[in-house]
Amino acid sequence: MFAFIVSRILQALPVMLTVSLISFAMFAYVGDPVAIMLGQDFTEAQRQALVQQLGLDQPFFVQFATFLGNAVQGEFGLSYRLSRPVAELIAERAPATLELALCAAFIALAVGVPMGVYTGLYRHSWLSRFFLTFSLIGVSLPTFLIGILLILTFSVWLGWLPSFGRGDVARLGWWSTGFLSWSGIKALILPAITLGLFQLTLIMRLVRSEMLEVLRTDYIKFARARGLPNRMVHFGHALKNTLVPVITIAGLQLGAIIAFAIVTETVFQWPGMGLLFIQSVGAADIPVMAAYLMLIAAVFVTINLIVDLLYYAVDPRLRIGRGGGH
Amino acid sequence: MLRRMLCRAAVVAALGLGLGAAAAEARTVRWSASGDPNTMDPHSQNVGTVTMVLQQIYDPLISRKPDLSLEPGLATEWRQVEPSRWRFTLRQGVRFHEGEAFTSDDVVFSITRALQPTSNFGIFVDTIDRAEAVDAHTVDIITKAPDPILPNKLASVFMMSRSWSERNNAARPQNTRQREEMHTVRNTNGTGAFRLQSREPDVRTVLVRNNDWWGWREPQNRGNVTEIVYRPIASDATRVAALLSGEIDFVLDPPLQDLNRLRNAQGLRVLEGPEVRTLFIAFDTYRDELLYSDVRGRNPFRDLRVRQALYQAIDIQAIHRTTMRGQSVVTGTLFPEQVQGYAREEDVRLPFDANRARALLAEAGFPNGFEVTLDCSNNRYINDEQICQAIAAMWTRIGVRTRLNAMPLGPFFAKIQRDDTSVYMLGWGVPTLDALYSFQSLLATRNGAQGDGIWNYGRYSNPAMDALIQRMKVETGDQRQATIREALRLYRQDLPHIPLHHQMIPWALRANIQMPHTANNQPYFRWAVVN
């Protein structure tokens, strides 16, 4: 087990290195931070001075090495745009994104799994047909459009929920949370639905097809033959066996939710890391962009590791396989 | 009789109470625009999003009225005692928000701070040699050469407290190499009408009324707002939705396509007004061969007839009507009328005439036209990409096959600042509200000196124009006015640019808020009245 974790971490290192190299190389094309920082009025001398100050006159690999060296120590420098330490900026925004992502994932699982089970069991009921049609909307409509439609309905027409922002947040040490105030919870609803809808429909369709698959297998027939009640057969035997692929997908999707919260955060002006990233792109704020991409890569690597470990918990065959030394 | 008197007393008392209650009542304005100020440092970033918040908090020596003309600010009087020496008499009894008295020493400090290399406000102080305190409430500013428009420039330089800045290690504007955040990035201490109460970058910035502000005694500052909450919303659709749903009271930059809807919405209104920003097309008139064209061995844009042909090929009224939906002021000159030096006689366009354009092209030796790439931003000016699309189509119609290269502002500015362009569209604002700013930046030959030709990426160069610009820098009065007029005439003859239009900047707000629309796109909440 320990050896397994170590080997996964070692595998992750080249991934991180590649991500950092690619993202760093990309930044050469997002625009000139110097032009943006100098504003409308400057002399050539001022421009040269700033280029030197930022180290942009160094060759590419020297810049990259300096960046890596600092990054390893957790030092990402000062944001060009906001003149504040990058690590601090990201730490400030992370709670917003994580709360949003966890809520979205929760909605996706809490609604998606039961819907999937239901549509798997009662394939021909009208409710199943409705769920499947509804899931098409979730899969096919782009996130920003869903967000705008929700805003239009629930904020502009009905006036029930706020259209943007995070409401009132409470500070718990370095963490800021919207769960402790009514306005914070209300503000969370629309973005969480927007962000979770795609995952919800994905999980629902996945659970449905897995259920259909499992229900055809012999041991379900035997279970029925033993006279077990339906509830036991469906949830004890069938659902449990559909969970391995669901965990894989849900885990990877959690990474995707965090990484691709960018669109949702922009639509709802949600003050998380995605919004920070988009604004940094506009200003060619290289330190923030680099740190963000590294962080997202780290999140994916970590989630992958956790998913692998969860397999062990869910699927006894894997444990036996390892232990037996096949 | 007695009863009547009692009645009257009761009414008066009730009124008095009512007024008292009204005065104490919180009047909050929640407003929004797409961007958040990057810093609260008054000399670090010369951009509209920063200034629009800071000018509520800090005062300059000389303020502006709603029509943007000058009026006394922290200085009550100013005059040119010698050609290179301006004397400012400071207002008595002014205090900073944290209690320090405002004196001439703070002025000397603030000017010196704005002069630091890390300051972004060089253009407003570049002619200043030094500032000297004469006594506690008199300051002399000595310029390197006579500067006739120093007061206009100083209207953009905010005054800070020396003791507060030095105590907080902020005697210079932020240096990008520093590892630490400076105190002034998130804290302020001004003398202005509002104090910064709290700030969460990109989320919310709350200002509260400074009841001790000197300006509340002046009759023009009748504002009754007690709290201003700024909440940036980057997405256009969400910003409009927040206004419609009542979460926001005022949107500074509503998208053009939503204006009709906002006009018709209950309880909202749209304030329309011009902005001091002019869009134009500029040509590479420097290279012997264009970078992005199929013409070899010569540069068609060096031929006045070609520039004129492209000018007359543009149906600006169509762009005004369709692309801008009427929200632009068509122009034939370099800057709008709010700018000192504007001359109506020079604001005349060459007529739209596609046949004449084709004839001119043939005359210049391009009967079959040529190919060229037009560089354009797509998120900097109102409908910038659509304007360029329209122009590209109009040019193609007369035979100049135009490829459009539209980019976000980051890569766009990076590209044109490398002179890596053949023809581009730019929008130019004039914060000093004086003609020199435009001429010097856009049309002077680039020579490395501060300001000269720094935004002249077509590298237009005409010794006659340069001479006029040098004269503009030192002349005063009618003589200067005549010089600017002459330069504007030369601009029309030489056609280094094709002028297009001045931007209009509609503001959308709740109908119960009264405030003047200002052409620098800066809302002044000291004039805002909420009913």
Side-chain angles (χ1 to χ4, degrees), chain A residues 29-47 49-50 53-55 75 77-85 88-89 92-93 96 144 147-148 151-152 154-159 161-166 169 266-269 271 275-276 278-279 281-284, chain B residues 32 35-36 38-39 41 44-47 117 120-124 126 174-182 185-186 200-204 231-235 237-239 241-242 244-248 379 407-414 417-418 428-429 431 441 446 448-451 454-455:
Chain A
Y29 301 97
V30 296
D32 186 357
V34 176
I36 290 164
M37 289 163 86
L38 281 173
Q40 265 193 0
D41 313 286
F42 53 86
T43 60
E44 193 49 36
Q46 277 172 326
R47 187 189 163 81
L50 189 60
Q53 220 178 60
L54 297 175
E75 170 66 74
L78 218 56
S79 154
Y80 295 165
R81 181 173 72 99
L82 295 168
S83 313
R84 297 179 54 201
E88 189 186 309
L89 279 174
E92 204 175 275
R93 304 304 181 86
F144 68 89
I148 293 291
I151 290 176
L152 194 64
F154 292 99
S155 306
V156 178
W157 288 343
L158 298 173
L161 297 168
S163 57
F164 74 101
R166 225 187 143 193
V169 291
T266 312
V267 171
F268 289 94
Q269 192 69 23
L275 191 63
L276 178 69
I278 281 291
Q279 282 159 340
V281 171
Chain B
S32 183
D36 196 56
N38 294 339
T39 177
D41 190 304
S44 165
Q45 291 201 13
N46 176 20
V47 274
N120 201 209
F121 281 67
I123 187 79
F124 301 115
D126 59 348
Q174 175 86 36
N175 179 338
T176 42
R177 204 176 198 172
Q178 279 168 321
R179 285 281 179 219
E180 273 152 44
E181 174 185 343
M182 231 162 79
V185 170
R186 277 188 289 171
E200 286 170 75
D202 287 332
V203 179
R204 113 183 57 212
R231 310 206 54 188
I233 304 178
S235 153
T238 313
R239 200 159 60 250
L244 288 170
S245 68
E247 292 160 83
I248 291 289
N379 61 354
M407 292 168 279
L409 70 132
F412 170 71
F413 284 128
Q417 287 179 356
R418 290 192 303 266
W428 189 251
S441 311
R446 209 184 306 161
Q450 174 110 32
I454 48 172
W455 283 76

- Note on the structure: Rounded to the nearest 0.5 Å, the CG atom of B/D36 sits from the CZ atom of A/R81 at a distance of 7.5 Å
- Query: How close do B/A234 and A/Q269 get, heavy atom to heavy atom, and via which atoms?
  - Reply: N-OE1, 2.6 Å
- Message: Is B/R239 in contact with chain A via its backbone, its side chain, both, or neither, using a 4.5 Å heavy-atom distance?
- Response: neither
- Report the distance from atom CG of B/D202 to atom CD of A/E92, rounding to the nearest 0.5 Å. 9.0 Å
- Query: With chain A, which of B/R231, B/R204, B/R186 has the greatest number of heavy-atom pairs at distances under 4.5 Å?
  - Reply: B/R186
- Note on the structure: Okay, A/L82 and chain B: the region with an atom under 4.5 Å from a heavy atom over there is both
- Distance in Å, B/I248 CD1 paired with A/S163 OG, rounded so as to fall on 0.5 Å steps: 7.5 Å
- From B/S245 OG over to A/L152 CG, what is the distance, rounded to the nearest 0.5 angstrom? 10.5 Å
- Message: Using every non-hydrogen atom in the two residues, find where A/R84 and B/P201 come nearest and quote the distance to one decimal.
- Response: NH1-CG, 3.4 Å
- Output the distance between atom CZ (A/F144) and atom OG (B/S235), rounded to the nearest 0.5 Å. 10.0 Å
- Flag, side chain of B/T238 to backbone of A/V267, donor-acceptor distance under 3.5 Å: yes
